[in-house]
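Below: one structure, written as structure tokens.
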Amino acid sequence: QVQLVESGGGFVQAGGSLRLSCAASGGTFSYYALAWFRQAPGKEREFVAQISRSGGYTDYEDSVKGRFTISRDNAAKRLYLQANNLKPEDTAVYYCAARRTILTAPPTREYGSYPYWGQGTQVTVSS
């Protein structure tokens, strides 16, 4: 099974950018659909973006469309989230998640559908 480790979080001012990275080990990386979720203090974990096994399909939560870009490098076994024009409301712990799927599996934003998770990386955006 796959193990996931996030990095790249930090403290930025509003309007700034961060690039989050998720390194995978174990398993065959290209067999997994991947996603980013986030959880702010006192709030439930929420979907941010997802990407298919090949990288050919991506999907974003409305509040991050046009600002965030999800990508993956199957050879390097890494998932990325480029976050631009960050806002204070983006402040949260960001998690990468994986689920092993067949190529034709439909996408899902449900966090319960992802059995593999990293430990999270904190993103703090000041106003």
Side-chain angles (χ1 to χ4, degrees):
Q1 65 183 39
V2 67
Q3 293 85 42
L4 305 169
V5 178
E6 301 94 336
S7 61
F11 183 94
V12 296
Q13 292 188 331
S17 298
L18 285 173
R19 189 190 196 205
L20 307 185
S21 180
C22 176
S25 61
T28 301
F29 189 68
S30 61
Y31 288 178
Y32 294 84
L34 306 168
W36 288 97
F37 289 79
R38 65 186 180 187
Q39 188 166 19
K43 294 188 177 181
E44 292 191 354
R45 192 167 300 191
E46 66 172 0
F47 168 80
V48 175
Q50 65 179 309
I51 189 166
S52 62
R53 287 174 48 177
S54 67
Y57 171 85
T58 58
D59 173 42
Y60 298 91
E61 193 272 330
D62 284 349
S63 69
V64 307
K65 279 182 183 176
R67 300 189 297 122
F68 289 14
T69 303
I70 188 171
S71 62
R72 66 188 293 165
D73 183 336
N74 283 348
K77 302 179 74 170
R78 283 191 175 261
L79 171 71
Y80 302 101
L81 185 70
Q82 178 66 44
N84 297 331
N85 190 21
L86 283 159
K87 304 176 180 181
E89 51 264 43
D90 294 318
T91 294
V93 177
Y94 283 70
Y95 299 89
C96 65
R99 62 188 184 106
R100 182 164 172 159
T101 70
I102 59 175
L103 281 172
T104 55
T108 178
R109 296 182 172 192
E110 296 296 324
Y111 69 77
S113 297
Y114 293 84
Y116 306 107
W117 292 83
Q119 83 290 348
T121 186
Q122 176 71 47
V123 172
T124 303
V125 185
S126 67
S127 58

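Worth knowing before you read on, the calculation uses all heavy atoms, side chains too, and leaves out hydrogens, waters and symmetry mates.
Linking Ile, Leu, Val, Met, Phe, Trp and Tyr residues whenever their side-chain heavy atoms come within less than 4.5 Å places L86 and W36 in a single cluster. A single hydrophobic cluster is not seen to contain both F47 and I51; linkage of ILVMFWY side chains at heavy-atom distances under 4.5 Å, directly or through other members, places them apart. Residues L20 and Y80 are members of separate hydrophobic clusters, defined by side-chain heavy-atom contacts under 4.5 angstrom among Ile, Leu, Val, Met, Phe, Trp and Tyr.
Two residues are said to be in side-chain contact when any heavy atoms from C-beta on lie closer than 4.5 Å; K77 and V2 fail this criterion. Residues Q3 and V5 are not in side-chain contact: their nearest non-hydrogen atoms beyond the backbone lie 4.5 Å or more apart. Inter-residue side-chain proximity for P107 and D59 is flagged as unmet; no heavy-atom pair is nearer than 4.5 Å.
By the neighbour-count criterion of 12 heavy atoms within 6.0 Å, atom CD of Q119 is densely surrounded, having more than that number from other residues, nucleotides or ligands. For Y60, the OH atom sits in a packed shell: over 12 heavy atoms of surrounding residues, nucleotides or ligands are nearer than 6.0 Å.
In this structure, F37 and W117 have tilted ring planes: the angle between them lies in the 30° to 60° band. The aromatic rings of F68 and Y94 lie tilted to each other, with the angle between the two planes from 30° to 60°.
Across Y31, Y32, Y114, a single residue satisfies side-chain contact (heavy atoms from CB on, under 4.5 Å) together with R99, and that is Y114. Exactly one of V64, V48, V123 qualifies for a side-chain contact (heavy atoms from CB on, under 4.5 Å) with L81. That residue is V48.
Judged by distance alone, with hydrogens and angles left aside, the side-chain atoms of Q122 form no donor-acceptor pair with the main-chain N or O of G9 at under 3.5 Å.
Salt bridge K65/D62: present, at least one basic N to carboxylate O contact under 4.0 Å.
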Given the rule in the ring pair (Phe, Tyr, Trp, His ring centres under 6.0 Å) test, do Y95 and Y111 qualify, once you have shown the distances and angles that lead to the verdict?
CA-CA 11 Å; Y95 299 89; Y111 69 77; over 10 Å; no
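A donor-acceptor contact under 3.5 angstrom links the side chains of S63 and E61, judged on distance only. In this structure, a donor-acceptor pair under 3.5 Å is present between the side chains of S21 and R78.
Under a cutoff of 6.0 Å and an axis angle of 45°, R72 and F29 form a cation-pi pair.
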